[in-house]
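As structure tokens, the structure follows; a few thoughts come after it.
Heavy atoms only: backbone and side chains are in, while hydrogens, waters and symmetry mates are out.
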Amino acid sequence: GGGRFLRTLLCVHDELGPVVVKVYHKRPDSPSLEPYRQQLQQIKLQLAGLEAPHAWPFQMLLETPGAGYMIRPQMHANLYDRLSTRPFLSALEKRWITYQLLQALMQCHEAGVCHGDITAENVLLTSWAWAYLVDFAPYKPAYLPADNPAEFSYFFDTGGRRRCYIAPERFYSDGPRPLGSLVPQMDVFSLGCVIAELFLDGKAFLGLGQLLALRQAAAGSGGTGSDNGGEPPEWPQLVGLDPEVRTLIEHMVQLDPASRWPARAYLEHWKPLLLPGYFDTLLHPFFASLLPMDTDARVAAASRVYPELQKAEAALRMANAGSAALWAMGGGMRTPSYAGTTVGMLGSRGGGATAAAAAVTPMAAGAAAASTEAAAAPALLGDMGSLLEGTVPHLQLGDEDDSGFIIDDDEDERGMAGRSDALHRHSALADPNATIDEVFTEVVPEHQVRASASEPWSPDLTALPASTSREALVLPAEPGWAWASEWVVEAGQLGERDAEGWQYCEGTPGRAA
């Protein structure tokens, strides 16, 4: 890709295979890139060892006198491209990706890492829809001038799509650039915009002009973005979406950063309806157990576990049906409230007595749903884990799996071992020696003969000279006959039966039986 700030190249590494390389061409007066290299290296260390990772930082960082290079493995597709590729994502697949993106943001923030540039292009998907958040951007400015769109275009509008998912509080109007770094609420706003684009089937949610207009309106309305009695801004782009989807997005893109929740709170609050409980208790642990496997082992594992997945999904759907009714009775999704201690780098933020009271009923319903699912999940996951026991990963150091990931020493010691342990922890009940029914189709070329037009065809393998090839035989005259491959009948087989019971006898090729 061509950008003024960074150039993106697809390269082939001698050992790593296909890789994506972000290149920064240094000017003669450019300062050293060492501080940024240290920041990216620190992010890599902070995100290392995740049991079910949805965040993938740059794996190699290089600097030469003329350029700096950031290298990561190539993936199957980014979210923006996937939205325009057939078969298009279903509503349930979009919710599954939303769940994974909230998991990714939770993993980052609880590890003390902010992304800084969350877009649909920076969400990568494997061929089996496991999502990763990539291309962390601590080297881009945390604050941008509102009256100079050129700086935004230089750093953030690299694709030329004219969309802007930067949190409004990152823009300043007067005076020097504010001091400070990224905070999690900024990423929450950006992820809300990406989720909106996901459910809008790739249509950009916000542009720079729209965002700056909302920011200006918020400055004159006490931070709500509206002059209409303090009401939040309307989002006509979201008309037509499911109510729970729209409420989630509207909550994440609030102009007041203090009103946005941490990712963990969104996962907990929206689980009963928008994010089915079996995502958390069933699908996510199962998909995470597939990460260290190669393609063949992954297919074998899915074949073994599929019956258990069907039973588990049916049981958890029944549990969700009851909890959804409780959730609706408790206030539904239209007036979300969250009180208590937040997680990660957000510290503590308590709600008042009124907010806490408003949150009791829906949150209690969500807790009831979670407890119901948790009671059924261990046994079901135990069945699945035992079925997976017989599937051994085949990846070796330096190999590349179908998602483009390279298994290095660190990954082998931390990631693969951790995920294998997680898989074994779910193993308990089912027969580990369960087999897979396989069907083999064998095509055997034969010389068919029949006594008359009313008789059926039958094979006639006549006597042949030693090492006779197919050119010495004559095919039937009817259309459709062809030789499938070379075959030879040895002279020693004449008059004898082979291992399959065929008998070779004297005769002339093509004679009627």
To the nearest 0.5 Å, atom CD1 of I195 lies from atom CG of L102 at 4.5 Å

For [X] against [Y], the heavy-atom pair lying closest together:
| X | Y | answer |
| --- | --- | --- |
| P257 | E169 | CB-OE2, 3.5 Å |
| A55 | P57 | O-CD, 3.8 Å |
| R177 | P141 | NH1-CB, 3.8 Å |
| V188 | M252 | O-CE, 3.5 Å |
| A52 | H284 | CB-CE1, 3.8 Å |
| Y143 | G180 | CE1-O, 3.9 Å |

Can you find a pair of side-chain heavy atoms, one from [X] and one from [Y], that are under 4.5 Å apart?
| X | Y | result |
| --- | --- | --- |
| F189 | L206 | yes |
| M70 | Y139 | yes |
| R7 | H25 | yes |
| N122 | N78 | no |
| I71 | L61 | no |
| T126 | Y132 | yes |
| I249 | L238 | yes |
| R260 | Y266 | yes |

Output yes when a side-chain donor or acceptor of R246 lies under 3.5 Å from a complementary backbone atom of L241, and no otherwise. no

A265 backbone acceptor or donor facing E268 side chain under 3.5 Å: no

Please tell me whether [X] and [Y] have a donor and an acceptor in their side chains that are separated by less than 3.5 angstrom.
| X | Y | value |
| --- | --- | --- |
| E197 | Y80 | no |
| S173 | R215 | yes |
| H115 | H109 | no |
| Q103 | Q107 | no |
| E250 | T247 | no |

Do [X] and [Y] make the cut of ring centroids closer than 6.0 angstrom?
| X | Y | result |
| --- | --- | --- |
| F5 | Y24 | yes |
| W130 | H76 | no |
| F287 | W96 | yes |
| Y99 | F279 | yes |

For L79 and L198: C-alpha separation, side-chain torsions, deciding distance, then whether side chain to side chain contact (heavy atoms under 4.5 Å, CB included) applies. CA-CA 8 Å; L79 179 59; L198 169 63; 4.0 Å; yes

